[in-house]
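See structure below.
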Amino acid sequence: MQPVIAINDLCKQFGHVQAVSHLSFTVQPGDVYGFLGQNGAGKSTTIRMLLTLIAPDSGDITLFGLPLRSRRKEILRQVGAVIEKPDVYPYLSAYDNLRLFARLKQAHTGKQQLLQQLELLGLAERAFDKVKTFSQGMKQRLGIAIALINDPQLIILDEPTNGLDPQGIADIRNLVLWLSRERGKTILVSSHLLSEIQQVATRLVIIDKGRRLLEGETAQLFNPAETIVELQTGNNERTLQLLAQSEWQQGLQPARQTSVVLKMHSNDIPALNKWLVANGVAVNLLQPRHSLEDYFLQITSGKQHVDDFTGRTV
Ligand SMILES: Nc1ncnc2c1ncn2[C@@H]1O[C@H](COP(=O)(O)OP(=O)(O)OP(=O)(O)O)[C@@H](O)[C@H]1O
């Protein structure tokens with residue numbers, strides 16, 4: 001299968017800052033591809049290069065099997081993007097914004113079609129209201145409606161949930177899933193929040209200081225059989241002893257100072273809780289986490305240290 005995006009050994013420097021460093025990854029048709037990294041990791045710089053807003057220092061970008069450098073125009077016709085805040089006119093209505101951008105993109109879209117597009121994005125009721133009265137989430141959805149003009153195959157969303165309230169975040173998440181499942185779009189979505197990407201992405205890459213740290217299928221990176229459970233109880237020492245003599249003992253990990261740690265399948269967590277209570281253990285905290293989450297937390301806190309759970313240096 002021909003990748004939709006193939007980035008190979010991409011580099012970009014601003015003065016002394018190496019914003020993107022020998023970055024490579026591929027996005028396959030139908031992927032919702034999560035592009036993760038803390039603020040300043042190089043996500044926007046990469047996306048700007050993908051959209052030819054800035055030129056790479058070195059490396060190659062191929063979209064739909066075509067080299068971006070020499071086939072820019074025909075490639076970008078197939079790409080819809082919302083980067084940073086959507087670029088909309090606050091004193092125009094949602095409908096007028098969409099109509100204006102449709103004209104700019106030379107799309108021959110009639111009124112009914114434009115209204116239908118707004119309806120699909122949950123904006124029908126506010127179609128003729130000025131955008132300055134919209135919430136951030138509604139503006140973001142209008143930005144996506146504009147990106148969808150000309151029905152592009154690839155959609156690129158740079159931090160689409162930034163600054164949104166929980167409902168706005170859920171709306172964007174559902175929209176991304178709908179675009180992927182119902183409209184068959186390939187989507188690249190960047191975020192600094194692992195939890196957000198985890199819920200929508202089929203694959204993901206984590207970058208730090210412009211370098212690729214980790215890439216893979218989300219389901220594999222979040223293998224439920226490898227869930228780490230941190231327990232804090234009324235008496236951790238006694239809990240540890242009880243667990244060591246029980247069916248749970250094979251998942252026991254080196255204990256931390258303030259908690260007991262188990263590696264187990266997430267499906268078994270309710271049974272563990274029941275067992276602890278049945279054995280008279282007062283459970284103060286039972287926190288499931290994936291090792292990937294710990295890994296990401298360590299990256300985002302900018303530290304390199306020894307993983308408490310596995311003893312690996314990360
Ligand atoms: N035009 C520019 N001039 C100088 N430095 C820049 C420029 N654009 C980005 N940088 C630097 O490059 C690095 C990567 O920035 P980039 O915006 O790509 O990160 P990001 O992962 O998108 O983070 P954020 O979510 O904060 O935008 C940062 O150190 C940033 O300060």
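Only heavy atoms go into these numbers, but all of them, side chains included; no hydrogens, no water, no symmetry mates. In what follows, residues are counted from 1 in the order of the sequence shown.
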Parallel, tilted or perpendicular, as decided by the 30° and 60° cut-offs, for the rings of Phe25 and Phe35: tilted
Audit row: Gln38, Asp208, side chain to side chain contact (heavy atoms under 4.5 Å, CB included) steps and yes/no: CA-CA 7 Å; Gln38 67 184 120; Asp208 185 45; 3.1 Å; yes
Note, Ile5 side chain near Thr26 side chain (heavy atom, < 4.5 Å): no
Candidate pair Gln153 and Val4, rule side chain to side chain contact (heavy atoms under 4.5 Å, CB included), full reasoning: CA-CA 9 Å; Gln153 287 181 49; Val4 175; 5.7 Å; no
Under 3.5 Å: donor-acceptor pair, side chain of Asn235, backbone of Arg238: yes
More than 12 heavy atoms of other groups within 6.0 Å of Glu247 CD: yes
Asp171-Gln167 side chain donor-acceptor pair, cut-off 3.5 Å: yes
Worked check of side chain to side chain contact (heavy atoms under 4.5 Å, CB included) between Val32 and Val176: CA-CA 8 Å; Val32 176; Val176 167; 3.9 Å; yes
Side chain to side chain contact (heavy atoms under 4.5 Å, CB included) between Leu100 and Leu92, intermediate numbers included: CA-CA 10 Å; Leu100 180 71; Leu92 293 181; 4.2 Å; yes
Salt bridge (charged side-chain N to carboxylate O under 4.0 Å, His left out) contacts in which one or both residues fall within residues 189-207, not counting sequence neighbours: Arg173-Glu196, Arg203-Glu215
Common cluster, Met49/Leu53, ILVMFWY with side-chain heavy-atom separation under 4.5 Å: yes
Test item: side-chain donor near acceptor, Thr239 and Asn236, under 3.5 Å: no
Spacing of Leu240 atom CG and Leu252 atom CG [to the nearest 0.5 Å]: 6.0 Å
Listed once per pair and sorted, the side-chain hydrogen bond (donor to acceptor under 3.5 Å, both in side chains) pairs that draw on residues 1-12, sequence neighbours left out: Asp9-His22
Euclidean distance, Ile169 CD1 relative to Gln136 CD, rounded to 0.5 Å: 11.5 Å
Separation of Leu115 CG from Arg99 CZ (nearest 0.5 Å): 10.5 Å
Whether Gln232 side chain and Leu285 backbone form a donor-acceptor pair below 3.5 Å: no
Gln106 atom CD: more than 12 heavy-atom contacts under 6.0 Å: no
Under-4.0 Å salt bridge between Glu74 and Arg77: no
Check: Ser21 side chain, Gln18 main-chain N or O, donor-acceptor pair, under 3.5 Å: no
Side chain Ser190, main chain Glu159, donor-acceptor under 3.5 Å: yes
Residues which pass ring pair (Phe, Tyr, Trp, His ring centres under 6.0 Å) with Phe64, listed by chain and number, not counting sequence neighbours: none
Gap between atom CG of Leu175 and atom CD of Glu182 - 0.5 Å precision: 12.0 Å
Nearest-0.5 Å distance, NZ of residue Lys111 to CG of residue Leu98: 12.5 Å
Contact summary for Leu66 and Ile75, nearest pair of heavy atoms: O-CD1, 3.5 Å
Pairs satisfying ring-ring contact (aromatic ring centres under 6.0 Å, His included), at least one member in residues 112-136, at least two apart: Tyr95-Phe128
Which residues share a side-chain hydrogen bond (donor to acceptor under 3.5 Å, both in side chains) with Thr258, sequence neighbours left out: none
Flag side-chain contact, heavy atom, 4.5 Å: Val283 against Leu286: yes
Lys/Arg-Asp/Glu bridge criterion (N-O < 4.0 Å) met for Asp31, Lys185: no
Heavy-atom check, side chain of Leu148 versus side chain of Leu179, under 4.5 Å: yes
Tyr91 with Leu123, same ILVMFWY side-chain cluster at under 4.5 Å: no
Validation row: Val88, Ile146 side chains within 4.5 angstrom (heavy atoms): yes
Polar side chain donor-acceptor pair, Ser93 to Asp129, under 3.5 angstrom: no
Short side-chain to backbone donor-acceptor contact, Asn223 and Ala225, under 3.5 Å: yes
Any Gln287 side-chain heavy atom under 4.5 Å of Leu231 side chain: no
Any Val20 side-chain heavy atom under 4.5 Å of Cys11 side chain: no
Short side-chain to backbone donor-acceptor contact, Thr186 and Gly30, under 3.5 Å: yes
Gln220 side-chain N/O to Gly216 backbone N/O, donor-acceptor pair under 3.5 Å: no
Heavy-atom side-chain proximity of Leu188 to Ile47 below 4.5 angstrom: yes
Whether over 12 other heavy atoms sit under 6.0 Å from Phe14 CZ: yes
Pairs touching residues 46-67 that satisfy side-chain hydrogen bond (donor to acceptor under 3.5 Å, both in side chains), sequence neighbours left out: Thr52-Arg72
Heavy-atom closest contact (Leu118 atom, Ala127 atom, distance): CD1-CB, 3.8 Å
Closest contact, heavy atoms only, Ala147 versus Pro152: O-CG, 3.3 Å
Short side-chain to backbone donor-acceptor contact, Ser191 and Ile197, under 3.5 Å: no
Residue pair Arg126 / Thr133, side-chain donor-acceptor N/O under 3.5 Å: yes
Gln13 side-chain N/O to Gly15 backbone N/O, donor-acceptor pair under 3.5 Å: yes
Atom pair OG1 (Thr218) and CG (Leu204), whose distance is rounded to the nearest 0.5 Å: 4.5 Å
Any Leu51 side-chain heavy atom under 4.5 Å of Ile83 side chain: yes
Heavy-atom pair with the smallest gap, counting every atom of Arg212 and Ile207: CA-CG2, 4.1 Å
Heavy-atom pair of closest approach, residues Thr227 and Pro288: CG2-CB, 3.9 Å
